[in-house]
Undergrad: 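Sharing a structure with you now.
Chain letters run A, B, ... following the sequence lines, proteins first, then strands; residues in each count from 1.
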Amino acid sequence: MALSESTTAFDVAAVRKDFPLLARTVHGKPIVYLDSAASSQRPRSVLDAMRHYDETTHANVHRGVYTIAEEATRLFESARVAVGRFVGAPDPAHEIVFAKNTTECLNLVAHTWGRTHLHPGDVIVLTEMEHHANIVPWQMLAAERALEIRWIPVDDDGQLVFDDLEALVDGARLVGLTAMSNVLGTINPVAQVAEAAHRAGAVVVVDAAQAVPHLPTDVTAFGADFVAFGAHKMLGPTGIGILWGRREILESLPPFLGGGEMILDVRKDGFTPNEIPWRFEAGTPPITEAIGLEAAVAYLEGLTMPAVRQHEIDLTTYAMGLLRDRFGTDITIFGPPDPADRGGVISFALGDVHPHDISQILDEYGVCVRAGHHCAKPLMRRLGVNATARASFGPYNDEADVDVLAEALQHAREFFS
Amino acid sequence: MPGLEDLYREIILDHYRSPRNRGELECPPAHRIEGFNPLCGDEIVVSLLVEDGALADIKIAGTGCSISQSSASLMSAAVKGKSVPEVRELIQTFKGMMSIHEATLPAGDGGKSVGDTLVEPMAIDINAIGELAALQGVVKFPVRIKCATLSWNTLAQGLDELGET
């Protein structure tokens with residue numbers, strides 16, 4: 001087992017103890033969870049906060065005048081402000097909208113902003129490395145409104161090709177991009193794209209589902225107009241997604257779904273929509289999940305995001321080095337060669353062993369990796385593969401996890417040779 | 001807890017390493033059909049030549065994992081030369097072998113015991129299916145069932161398109 005030589009500002013061994021799931025075994029072996037890009041594990045503080053809320057405080061929010069209803073409302077709105085501050089929102093109380101997940105947040109933008117601003121012939125620009133969540137809502141709208149979609153290409157190193165950025169965004173009404181690729185780990189220069197997009201008069205939508213859990217994130221520094229991410233990839237619970245939108249744009253938008261909470265008044269002849277952000281939050285929101293989200297934010301703030309980032313650079317450097325040493329030309333690691341250019345995500349091909357088979361053998365070792373197209377089929381086609389295997393890290397992963405991964409991969413290689 | 005040897009039988013690995021009936025048939029007279037597994041992106045191309053109510057020839061192309069590739073190879077060997085009704089029956093038998101009686105989630109050793117029992121495969125006549133029985137273990141790995149059935153569903157779709165019953 002290798003000892004860490006790098007300096008990490010937090011004690012990974014102590015962090016691991018905060019995550020109850022990491023104590024379990026799979027097939028009699030300690031679990032090695034390397035699928036945080038799909039969903040992260042939750043620290044005890046998150047689980048406890050949610051249970052405590054459910055056991056002591058739960059009531060519907062924005063409704064009752066009794067004590068626990070007021071407490072629940074205060075906690076729910078406090079989570080909104082906490083997560084908004086975490087990503088640098090200038091006005092978190094108004095600019096943070098809660099939805100079901102990142103996907104719903106992006107659909108919310110397509111339905112509200114898209115339907116009021118996009119007309120036949122208008123141009124949307126996306127990148128070849130988008131997750132389907134930032135492709136399909138726009139394709140649906142494009143089919144409905146006869147829009148044109150242009151693509152920012154990806155080069156062989158997994159970086160966006162910006163030679164013609166000005167030309168690509170010229171005439172565009174909307175530019176959508178991921179801040180960090182869920183497949184390649186590529187960290188995109190969002191601010192650079194946003195600046196060019198704004199010069200062209202386009203609105204900028206950022207899928208930050210992978211970036212927020214792993215990089216210090218500042219929506220103002222992005223210079224974007226909408227930024228979407230989800231709690232369950234940032235040590236929080238499933239069931240709650242977060243959309244930051246620039247206040248003046250949110251103010252101008254119609255509601256998303258119709259129902260309770262999103263209205264100020266309903267008459268037989270119509271309704272008056274609520275103020276932002278509640279205008280976009282029809283129905284009872286994910287309250288317990290918001291409580292969990294605030295606890296997850298607090299946990300990440302305790303670690304500090306620069307330290308989380310440094311930990312992942314260190315671990316990715318170690319993993320890429322070990323895998324290359326062990327497997328040489330037999331392994332292909334997709335994405336930027338320099339760990340400083342990528343998040344803690346390693347997509348790879350090992351010889352001609354299919355990713356499904358790799359994942360199956362790894363499971364015998366308790367190693368959890370993702371195998372498949374990672375909801376990024378246009379990128380898979382660009383890479384010329386049907387699927388990849390992907391190991392991804394969280395703050396609780398250490399070099400021992402990577403060592404087990406390498407051992408298990410060795411076995412997979414031998415099994416299918 | 002099922003082990004890897006339940007899944008990766010020697011016959012399966014053999015068909016994976018040396019797939020039978022690999023390639024495509026000239027089309028026409030053959031019929032070409034593509035199948036996709038949306039979960040993993042695997043794709044398979046089945047070429048069928050039906051003559052006088054029988055599957056005169058079949059070829060398999062495409063890419064996929066060892067289970068989908070070996071299942072396609074085993075399928076091609078099993079159905080080639082058979083009458084269409086016999087092929088239909090074999091498809092039914094195979095899909096029966098791959099079906100799960102009740103939806104359960106395998107419980108982990110750290111989890112509760114709910115759904116701890118994995119489902120029993122449907123009772124079938126193992127002797128009637130020959131080498132295909134090697135794929136029986138797949139049913140113990142529910143996420144891999146779609147890998148094993150991809151080629152069979154594609155074949156059935158091809159016969160449907162040809163109007164062959």
Side-chain angles (χ1 to χ4, degrees), chain A residues 19-31 33 38 41 132 136 183 347 349-390 408 411-417, chain B residues 1-10 12-19 22 34-45 61-73 105-113 116 118 135 137-150:
Chain A
F19 290 78
L21 184 135
L22 299 181
R24 75 163 283 178
T25 58
V26 173
H27 303 304
K29 304 203 172 59
I31 194 165
Y33 188 75
Q41 299 302 337
H132 295 164
V136 182
V183 179
S347 272
L350 183 63
D352 59 0
V353 186
H354 191 280
H356 257 181
D357 292 316
I358 290 175
S359 182
Q360 191 84 58
I361 302 282
L362 263 49
D363 182 58
E364 286 294 302
Y365 287 78
V367 177
C368 313
V369 298
R370 175 86 188 271
H373 54 60
H374 316 295
C375 297
K377 289 197 80 172
L379 177 61
M380 292 289 116
R381 292 195 170 93
R382 168 65 185 84
L383 298 174
V385 295
N386 282 344
T388 72
R390 180 188 71 185
H411 181 215
R413 190 76 198 94
E414 287 158 7
F415 193 89
F416 288 101
S417 65
Chain B
M1 187 64 71
L4 279 183
E5 64 282 0
D6 292 319
L7 185 64
Y8 296 119
R9 302 275 178 79
E10 198 47 49
I12 291 175
L13 293 174
D14 173 52
H15 276 260
Y16 173 54
R17 292 177 185 126
S18 316
R22 189 81 190 153
E34 293 178 3
F36 296 93
N37 183 343
L39 290 178
C40 61
D42 284 356
E43 47 194 72
I44 197 151
V45 180
T63 56
C65 66
S66 61
I67 300 303
S68 75
Q69 294 295 290
S70 64
S71 181
S73 174
L105 291 171
D109 36 0
K112 295 203 172 71
S113 62
D116 204 14
L118 278 167
L135 286 160
V138 173
V139 82
K140 296 177 188 168
F141 297 81
V143 294
R144 304 302 294 274
I145 291 173
K146 277 187 188 303
C147 310
T149 53
L150 176 62

Undergrad: Checking side chain to side chain contact (heavy atoms under 4.5 Å, CB included) for the pair B:Arg144/A:Asp357: CA distance, chi angles, key distance, verdict?
TA: CA-CA 10 Å; B:Arg144 304 302 294 274; A:Asp357 292 316; 2.9 Å; yes
Undergrad: Does a sphere of radius 6.0 Å around NZ in A:Lys377 hold more than 12 heavy atoms from other residues, nucleotides or ligands, not counting ones at 6.0 Å or beyond?
TA: yes
Undergrad: Any chance you could measure A:His356, atom NE2, to B:Asp42, atom CG, to the nearest 0.5 Å?
TA: 6.5 Å
Undergrad: Supply the atom-to-atom distance B:Tyr16 OH to A:Phe416 CZ, rounded to the nearest 0.5 angstrom.
TA: 6.5 Å
Undergrad: Which value, rounded to the nearest 0.5 Å, describes the distance between A:Gln360 atom CD and B:Cys65 atom SG?
TA: 9.0 Å
Undergrad: Which answer fits B:Glu43, side chain, backbone, both or neither, if we ask what part of it has an atom under 4.5 Å from a heavy atom of chain A?
TA: both
